[in-house]
Amino acid sequence: MATEPSNLQLRGLAKVLIQSGVLTEAEARGHIQEAKQNKVSLVGHLVANKFIDSKTIASKASDEFGLPWLDLDAIDCRSLPIALVNEKLIRKHHVLPLFQRDKTLFIAMSDPTNHQGVEDIKFQTMMRPEIILVEENKLTIAIETALEVADTTMMDMLDADLENLDIADDGAVVVDADAAAEEAPIVKFVNKILLDAVKKGASDIHLEPYEKNFRIRFRQDGMLYQVASPPANISTRIISRIKVMSRMDIAERRVPQDGRIKMLLSKTRAIDFRVNTCPTLFGEKVVLRILDPTAAQMGIEKLGFEPEQQELFLHAIHKPYGLVLVTGPTGSGKTVSLYTGLNILNSIDRNISTAEDPVEITVEGINQVNVNVKTGLTFANALRAFLRQDPDIIMVGEIRDLETADIAVKAAQTGHLVLSTLHTNDAPQTLNRLMQMGVAPFNIVSAVNLIMAQRLARRLCERCKAPVKFPEHLLLDAGFTQEELNDLHIFGPVGCENCTNGYKGRVGIYQVMTLSEKMCGLILEGGNSLQLTQLAKSEGINDLRASGLNKVRMGITSLEEIDRVTKE
């Protein structure tokens, strides 16, 4: 047996075993040398070669260092928080995370003198490690079981062919082949989640860690549905993967971060994901907004306009100047409506510029600017810059203040077509909001071409929708007339393999209003939103409720859905 130099000072676990009479000094030196040659720990060497049983080592170390001793046979290794510690560190230092309590991580070790391992785990997890002694042979089995369960769970979730999928994440550079192999199931799982969301037509992906579970939800047709519940102990690895793909700081978990991912589905189609993280009690919640450029290229006929509404919209955007406003809550399809109009106007002889926060749909031929308040690039400043660049058409993501409103109105008055959005409930309220901002009534009258309020309602699945009967009094209360009840056919959701709970896709519901002479007169007199609403109704302009009921009459959506999206 090879021996260590006699002048080497023995310390750590070797010293403990010598002092307790388990090993002689010469034996200890020999075992240390052999362990180094085989690139294993002293404990691993002693147990593997059966020089000392693992129970004796654990017992002696527990007595010497005053550390608790745990029998791993009493632990379910399939439910350990294995994802808290990098797999490479687990294998390198032969440790196993057992459980977490606040900022303390209890780890199983067979060699409590492995101070470098403790420090590495402390740095990686940003938690305070507490050692619990375990038997070496049981620790080896427990580590392999825990890692195998985590990877098997991931692989069971993968049932799609991901060979043609490519993620353009320039910020992630793999330099360690072994590390890349260890993370392969996580990488594939994240890719599958992104791909499934695109295939199902989802608009958002929510990844939400909780104390005992991890939930993944898709927002489809405006509603959230749970699609997966991976083990909670791998949530950190999944979220870290997304942060790497989004070029975020994976070490920063205390503040929100923003990023972006580009998924290449084919040579001709790419999907962008806008990513945001937010610290919560049990980790970081991640929300990915899916930005599909093809959404704005589906054609105006598919938006859901009634014929006269479509004609008014097209007439307004083809005017050489003026202001076109689209209003509605977040997620009501305003951006898609505006970009549908911009795609119609996008030609070689027009200079089109947009300012958005942020740009959600990229279109070739349109000059798009991301607003950045931190650097001083506000909507107002972007608008001023556009006006010095010989514009024909300007799109402002949102009018939020008087400064932006004033510049937009003046641009519309001086020969430019301006498109923008506001957050109001309907078209008449938009006029009142502009006046409340401080825009002079005569400027509103001279600048505004058209105001369009909109909502998105889920379409009934054409394959499974079925006729439904409602009591007469409910139909009258809903807004239908007595005369039409005999010939009224209303459909409701059923549900099949082709849809989600009886619905598939969404359709727009619109209130499209131009300014008549009477409307202009009422604005100049300072009329309130109630007066403007009553005048619009008397002039035959359908409000959102009336437009929604038309969709019910045509069998496009259900009465329950119209109640949901037009409820005040």
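Only this structure's heavy atoms are used, side chains among them; waters, hydrogens and symmetry mates stay out.
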Verify, without hydrogens or angle tests, whether Lys334 (side chain) and Pro329 (backbone) share a donor-acceptor contact under 3.5 angstrom. yes

Pairing residues for Val85 by the side-chain contact (heavy atoms from CB on, under 4.5 Å) criterion, not counting sequence neighbours: Leu89, Ile90, Pro97, Leu105, Ile121, Gln124, Thr125

For Asn425, what residues pass the side chain to side chain donor-acceptor pair (under 3.5 Å) criterion, not counting sequence neighbours? none

Under the side-chain contact (heavy atoms from CB on, under 4.5 Å) rule, collect the residues that match up with Tyr225, sequence neighbours excluded. Gln220, Met223, Arg458, Thr500, Asn501

Going by the rule side chain to side chain donor-acceptor pair (under 3.5 Å), which residues pair with Thr378 if we only count those two or more places apart in sequence or in a different chain? Asn381

Can you sort out the partners of Lys92 under side-chain contact (heavy atoms from CB on, under 4.5 Å), two or more places apart, ordered by chain and number? Asp120

According to ring pair (Phe, Tyr, Trp, His ring centres under 6.0 Å), who are the partners of Phe214, at least two apart in sequence or on a separate chain? none

The criterion is side chain to side chain donor-acceptor pair (under 3.5 Å); which residues satisfy it with Asn213, sequence neighbours excluded? none

Where at least one partner belongs to residues 121-134, residue pairs that pass salt bridge (charged side-chain N to carboxylate O under 4.0 Å, His left out), sequence neighbours excluded: Arg128-Glu130

Sequence neighbours excluded, every pair satisfying ring-ring contact (aromatic ring centres under 6.0 Å, His included) that has a member inside residues 99-122: Phe99-Phe106

Taken in chain and number order and not counting sequence neighbours, the residues that satisfy salt bridge (charged side-chain N to carboxylate O under 4.0 Å, His left out) with Glu398 are Arg400

Applying side-chain contact (heavy atoms from CB on, under 4.5 Å), can you list everything that pairs with Lys243, at least two apart in sequence or on another chain? Ile239, Met248, Ile250, Arg253, Gln257, Thr277, Glu284

Ignoring hydrogens and geometry, is there a side-chain-to-backbone donor-acceptor pair from Glu208 to Ile216 under 3.5 Å? no

His423 (side chain) donor-acceptor with Thr327 (main chain) under 3.5 angstrom: no

With Glu252, which residues qualify under side chain to side chain donor-acceptor pair (under 3.5 Å), at least two apart? Arg254

When rounded to the nearest 0.5 angstrom, what distance separates CG in Leu194 from CZ in Phe273? 4.5 Å

